[in-house]
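A quick write-up on the structure given underneath.
All of these numbers come straight from a predicted model, not from anything done at the bench.
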Amino acid sequence: MHIDRIMLWWIRCIGVNFGRNGDNLPSPQNVVSLYKKCGIKLLRLFEPNPDILEALKGSNLQVSLGVKNGDVQSLASSKEAANQWVNTNVTPYKGDVNFKWIVLGNEIIPGAEGIYATQAMKNIKDAINSIGLTKTIVTASFYMPGITTSYPPSAGAFTKDVVNVMKDVTAYLLQTGAPLMVNVYPYYAYTSNPKDIKLEYATFQTTNTVVVDGGLSYSNLFDAMVDSVYAALGKINAGNVSLVIGETGWPTAGNEPYSSKENAKTYNKNLIQYVQSGKGTPKKPNQTIDVFIFAMFNENQKTTGIEQNWGLFYPNMSHVYPLLNC
């Protein structure tokens, strides 16, 4: 095996987002085959797509199926709407597709639709329970602007505009035992302050302690950002809510010198090894966490610049940089 490439067959906790904002992407069947060839066990869709769901039948991939942000309010306001959404997007595939998660929105908190997340989760959970998918996890998507600060990690707290929403969301997650989905991008934290944050700290390349916070020591930015969310959860009596990382990654172009193939390879390679170690964060040691890398392909219909350059693969399914053994 090439020393720069990583086999994922035995890594249970790493997935990849399948974004669809491109007009030259491979067919759904070829995409599913590529996931399987590369040993990627988890696939995240941001919204339902019948062709992709058909291609996922019999694949044994664990699927995270998203609800579009614009649909969340209607699903919250009507059980019938939630039942119809499930009957359209889940029921036809339930015997052949492994729906591990249903996620209300993407980065819906903070955001105008966030106030509808809890009731929408309840209605969707009732709907999927009614078709027998009682083990499917229903959650919502949060991202870091909803945290006042992530430095030091123990100072993490929810912003005033989301704290009440998060109290409702987490109260429901505590009832069901579901994790909160959080998008965590050390890339953005690093590029916002490269004078004080070192690239090595942002890309898991340091082994020595960089940040000391009380009795906890941090050698990478990812841990610090995740623990700032755990700290915020603790401050609203939701410290027992676990997390799943819905997005993380590093762009290969569009903001040089910070974006590069070398930096992206280093970050994602070290991220995979970090997750596989199962060591958890300083605040939550030995607590394994599912992580989705963003994204499977470069997407040419996104905003010009870094947004088009997060993919592990080009649309022709060749590697953007060597990472996976496939």
Side-chain angles (χ1 to χ4, degrees), residues 107 109-111 141-163 166 180 182-235 239 243 245-275 277 279-285 287 289 291-295 303 305-310 321 323:
E107 298 185 342
I109 306 167
S141 174
F142 174 88
Y143 71 131
M144 294 302 292
I147 298 290
T148 56
T149 181
S150 59
Y151 180 84
S154 62
F158 293 114
T159 58
K160 291 181 180 179
D161 59 323
V162 304
V163 65
M166 290 306 300
L180 175 68
V182 182
N183 292 356
V184 175
Y185 282 101
Y187 166 81
Y188 286 117
Y190 162 63
T191 56
S192 71
N193 188 16
K195 289 185 179 180
D196 295 325
I197 299 174
K198 302 301 182 185
L199 177 65
E200 292 77 14
Y201 182 61
T203 54
F204 301 93
Q205 294 186 80
T206 55
T207 55
N208 298 326
T209 297
V210 175
V211 172
V212 176
D213 184 13
L216 302 178
S217 298
Y218 291 86
S219 61
N220 68 77
L221 183 54
F222 180 89
D223 272 347
M225 294 177 72
V226 171
D227 273 359
S228 74
V229 179
Y230 281 130
L233 290 168
K235 289 169 185 170
L243 301 179
I245 306 305
E247 292 180 27
T248 193
W250 202 281
T252 55
N255 186 27
E256 292 74 10
Y258 310 118
S259 60
S260 70
K261 292 180 181 180
E262 186 62 31
N263 288 348
K265 182 181 76 170
T266 299
Y267 178 80
N268 282 324
K269 180 180 72 173
N270 290 339
L271 170 75
I272 291 168
Q273 292 173 345
Y274 163 90
V275 173
S277 74
K279 67 178 183 179
T281 69
K283 190 173 179 64
K284 298 280 187 176
Q287 181 168 315
I289 189 167
V291 174
F292 287 90
I293 293 173
F294 187 85
T303 304
I306 63 168
E307 287 298 312
Q308 294 187 356
N309 293 287
W310 292 86
Y321 50 90
L323 180 71

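Nearest heavy atoms, Tyr274 versus Gly280: OH-O, 3.5 Å. When all heavy atoms are compared, the tightest approach of Pro153 to Ala224 is CB-O, 3.6 Å. Counting all heavy atoms, side chain and backbone alike, Asn263 lies closest to Pro257 at ND2-O, 3.6 Å. Of all heavy-atom pairs between Pro194 and Ser192, the closest is CD-C, 3.7 Å. When all heavy atoms are compared, the tightest approach of Ser217 to Pro282 is O-CG, 3.4 Å. Residues Phe158 and Val162 approach most closely at CB-CG2, 3.9 Å, considering heavy atoms.
Using a 4.5 Å cut-off on side-chain heavy atoms (C-beta onward), Ser228 and Met144 make contact. Using a 4.5 Å heavy-atom threshold, the side chains of Leu233 and Leu243 count as touching. Side-chain contact check for Thr266 versus Gln205: some heavy-atom pair is nearer than 4.5 Å. Looking at Val182 and Tyr230, their side chains never come closer than 4.5 Å, going by heavy atoms from C-beta outward. Phe142 places a side-chain heavy atom less than 4.5 Å from the side chain of Met166. Taking 4.5 Å as the limit, some side-chain heavy atom of Tyr321 sits within range of a side-chain heavy atom of Asn268.
Put simply, OG1 on Thr207 and CG on Asn220 are 11.0 Å apart, with the number rounded to the nearest 0.5 Å. Summarising the geometry, atom OG1 belonging to Thr206 is positioned 8.0 Å from atom CD belonging to Glu200; distances are rounded to the nearest 0.5 Å. Rounding to the nearest 0.5 angstrom, the gap separating the NZ atom in Lys265 from the OG1 atom in Thr203 is 12.5 Å. How far CG of Leu199 is from CD1 of Ile197: 11.0 Å, rounded to the nearest 0.5 Å. For the atom pair CE (Met225) and CG (Asn183), the distance works out to 10.0 Å, reported to the nearest 0.5 Å.
Of the listed residues (Tyr143, Tyr190, Phe222, Trp310), just one forms a ring pair (Phe, Tyr, Trp, His ring centres under 6.0 Å) with Tyr185, and that residue is Trp310.
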Only distances under 3.5 Å count here; give the side-chain donor-acceptor pairs of residues 248-256 to other protein atoms, sequence neighbours excluded, each with its distance to 0.1 Å.
| from | atom 1 | to | atom 2 | distance (Å) |
| --- | --- | --- | --- | --- |
| Thr248 | OG1 | Val184 | O | 2.6 |
| Thr248 | OG1 | Tyr267 | OH | 2.6 |
| Trp250 | NE1 | Tyr258 | O | 3.0 |
| Thr252 | OG1 | Asn309 | O | 3.2 |
| Asn255 | ND2 | Tyr187 | OH | 2.9 |
| Glu256 | OE2 | Gly254 | N | 3.0 |

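For the residue pair Ser260 / Glu262, no side-chain donor-acceptor distance below 3.5 Å is found, with atom types taken as modelled.
Applying the 6.0 Å contact sphere to OH of Tyr151 captures no more than 12 heavy atoms from other residues, nucleotides or ligands.
A donor-acceptor contact shorter than 3.5 Å is absent between the side chain of Thr281 and the backbone of Asp223.
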